[in-house]
Structures are given as structure tokens and as C-alpha cells.
Amino acid sequence: MLKFKNLYPDLYMNSAYRIDYEQLYQDGYRGIIFDIDNTLVTHGAPANKRAIRLFSHLSELGFYCCLISNNQEERVKMFSDEVETFYIYNAHKPNPENYKKAMLMMGTDRSSTVFIGDQIFTDIWGANRAGIFNIMVKKIYWKEEIQIVFKRFLEFFVLLAYRFSKRRRDSLNLISHYTRGRRN
């Protein structure tokens with residue numbers, strides 16, 4: 001039986017662009033797995049200057065990164081080429097196998113990898129199943145495909161339960177630790 005706590009993120013933040021990646025590095029993380037659509041850019045959009053700057057900065061810090069997406073290769077490769085990182089397409093999230101494959105590609109393990117995504121039923125559930133620290137970010141844009149709209153409706157109830165959970169109370173202590181004070 002699926003329990004809500006298996007769907008809860010470790011942290012819930014406003015944006016992938018507001019995370020203090022320097023602090024993540026200081027805390028021992030060396031690999032970051034990212035979802036693409038509505039996490040880094042709007043659904044289907046190419047990498048923009050902001051995303052390219054982020055990945056350049058992460059590389060300078062010493063992070064290895066990998067994109068995992070349920071999209072087809074053409075979409076994921078296009079984005080990956082722009083930000084110059086590893087990628088896995090058609091990942092079948094929330095299946096944890098491609099999270100593990102991403103760690104192998106980056107040379108990291110569960111204790112040194114963080115996942116960042118915007119959806120509970122694919123991104124966060126998969127990261128929890130793989131045993132990876134995860135950060136859920138607010139979706140970038142409200143307009144989505146119909147199958148995602150239905151999942152977002154269900155996410156509302158999970159996030160409502162999360163708001164009152166011990167896990168969220170524990171994560172509130174980490175939010176200020178991992179929030180960048182300035183805008184990128």
C-alpha cells in the first residue's frame with residue numbers, strides 16, 4: 001500500500017534557481033539529478049540563459065549533474081546539449097532504476113546525490129524509492145498536459161498532508177540552510 005510519507009519531499013522550495021548549491025556541496029553532495037520540464041524551464045522549452053548559467057556554475061563548484069526525464073530522447077538530448085551534462089530519457093519515473101543509473105553515470109551514491117524536481121508522483125516518489133535526498137520545487141508554469149493536470153489535483157492532497165507532517169516540520173529547519181539569499 002502506498003503511504004503518503006513515501007510521496008513527501010525532503011524539502012519543498014520555491015525554485016531550483018533559489019537553492020544554495022554551495023551549501024549542498026559543503027554538506028557533501030557531489031551529484032545532482034534534475035527533472036527538466038517545469039523544474040528548470042517551462043514544459044518543452046529549450047535551455048535558456050538562466051539554466052545554462054546554473055549548470056555552468058554547478059560544474060565550477062565541482063558537481064556532476066544528470067537530467068532524467070520521461071520524455072523522448074530528442075527533447076532531453078536537446079536540453080542536455082545546451083547545458084552540457086549527462087541525460088537519461090524515457091526514464092519511467094517513478095521507477096528507481098534510472099535514478100540509480102544516473103548515480104552510476106556521475107560516479108556518486110545515495111549519500112552524495114540530491115534530486116530536484118517538480119512532481120510528486122514521478123519525481124519525488126522515484127527519488128524516495130531510490131533512497132536519494134530530494135527537493136521538490138514549485139512548478140514554473142501553470143499550463144500543463146491533461147494527464148499532468150490530474151496528477152497535480154492529487155498532489156494537492158499529498159501536499160496538504162505534508163504541511164502537517166513531522167517530515168515538513170523537520171524540513172523547515174533545512175530550508176534556510178539551503179535557500180540562496182539572492183536571486184539568480
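Asp81 is linked by a side-chain hydrogen bond (donor to acceptor under 3.5 Å, both in side chains) to Lys77, counting only residues two or more places apart in sequence or in another chain. Remark: Asn90 pairs with Gln72, His92 by the side-chain contact (heavy atoms from CB on, under 4.5 Å) rule, at least two apart or across chains. Residues forming a ring-ring contact (aromatic ring centres under 6.0 Å, His included) with Tyr89 (at least two apart in sequence, or on another chain): none. Every residue two or more places apart in sequence or in another chain was checked for a ring-ring contact (aromatic ring centres under 6.0 Å, His included) with Tyr87, and none qualifies. Remark: Leu104 pairs with no residue by the side-chain contact (heavy atoms from CB on, under 4.5 Å) rule, at least two apart or across chains. Partners of Phe86 according to the ring-ring contact (aromatic ring centres under 6.0 Å, His included) rule, which considers only residues two or more places apart in sequence or in another chain, do not exist here. Listed by chain and residue number, Arg30, Met103, Met106, Ser112, Thr113 satisfy the side-chain contact (heavy atoms from CB on, under 4.5 Å) test with Thr108 (two or more places apart in sequence, or in another chain). Not a single side-chain hydrogen bond (donor to acceptor under 3.5 Å, both in side chains) links Tyr99 to another residue, sequence neighbours left out.
Ring-plane geometry between Tyr21 and Phe34 is classed as tilted, the angle between the planes lying from 30 to 60 degrees on a 0 to 90 degree scale.
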**Q.** From CA spacing to verdict: side chain to side chain contact (heavy atoms under 4.5 Å, CB included), Leu7, Ile124
**A.** CA-CA 6 Å; Leu7 300 173; Ile124 301 306; 5.9 Å; no
Q) Should Val137 and Ile116 be marked as a side chain to side chain contact (heavy atoms under 4.5 Å, CB included) after you check the CA-CA gap, both sets of side-chain angles, and the distance that decides it? A) CA-CA 7 Å; Val137 295; Ile116 301 170; 4.0 Å; yes
(Q) One pair to check against side chain to side chain contact (heavy atoms under 4.5 Å, CB included): Ser69 and Ile88. What are the steps and the verdict? (A) CA-CA 6 Å; Ser69 175; Ile88 298 170; over 6 Å; no
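Between Pro94 and Arg129, the shortest heavy-atom contact is O-NH1, 3.2 Å. Scanning both residues, Val83 and Ala47, for their nearest heavy atoms gives CG1-CB, 3.9 Å.
We find the OG1-CD1 distance between Thr122 and Ile68 to be 9.0 Å, quoted to the nearest 0.5 Å. One finds the CZ atom of Phe55 at 13.5 Å from the CD atom of Glu60 (value rounded to the nearest 0.5 Å).
Aromatic pair Phe133/Phe115: ring centres not closer than 6.0 Å.
Side chain of Asp10 to main chain of Asn134: a donor-acceptor pair is present (N/O by atom type, distance under 3.5 Å, no hydrogens or angles). Between the side chain of Arg75 and the backbone N or O of Ala45 there is at least one donor-acceptor pair closer than 3.5 Å. Of the possible donor and acceptor atoms, one in the side chain of Ser80 sits under 3.5 Å from a partner among the backbone N and O of Thr85. In terms of modelled atom types and a separation under 3.5 Å, the side chain of Arg18 and the main chain of Met13 share no donor-acceptor contact. The backbone N or O of Lys139 lies less than 3.5 Å from no partner atom in the side chain of Asp118, so there is not a single donor-acceptor pair.
In this structure, Ile135 is a member of the same hydrophobic cluster as Tyr29, with clusters built from ILVMFWY side-chain heavy atoms closer than 4.5 Å. Met78 and Leu67 end up in different hydrophobic clusters when Ile, Leu, Val, Met, Phe, Trp and Tyr side chains are linked at under 4.5 Å. There is a path of hydrophobic side-chain contacts, each under 4.5 Å, that joins Tyr25 to Leu58.
Donor-acceptor pairing under 3.5 Å is lacking for the side chains of Asn128 and Asn6.
For residues 97-112, the pairs satisfying salt bridge (charged side-chain N to carboxylate O under 4.0 Å, His left out) are Glu97-Lys100, with sequence neighbours left out. Applying the salt bridge (charged side-chain N to carboxylate O under 4.0 Å, His left out) test to residues at least two apart or on different chains, the pairs with a partner in residues 83-95 are Asp35-Lys93, Lys93-Asp123.
Remark: of the listed residues Thr42, Asp37, Thr39, Thr42 is the sole one forming a side-chain contact (heavy atoms from CB on, under 4.5 Å) with Ile140.
Shown here is Phe63, whose CZ atom has more than 12 heavy atoms of other residues, nucleotides or ligands within 6.0 Å.
At least one side-chain heavy atom of Ile120 sits under 4.5 Å from a side-chain heavy atom of Met136.
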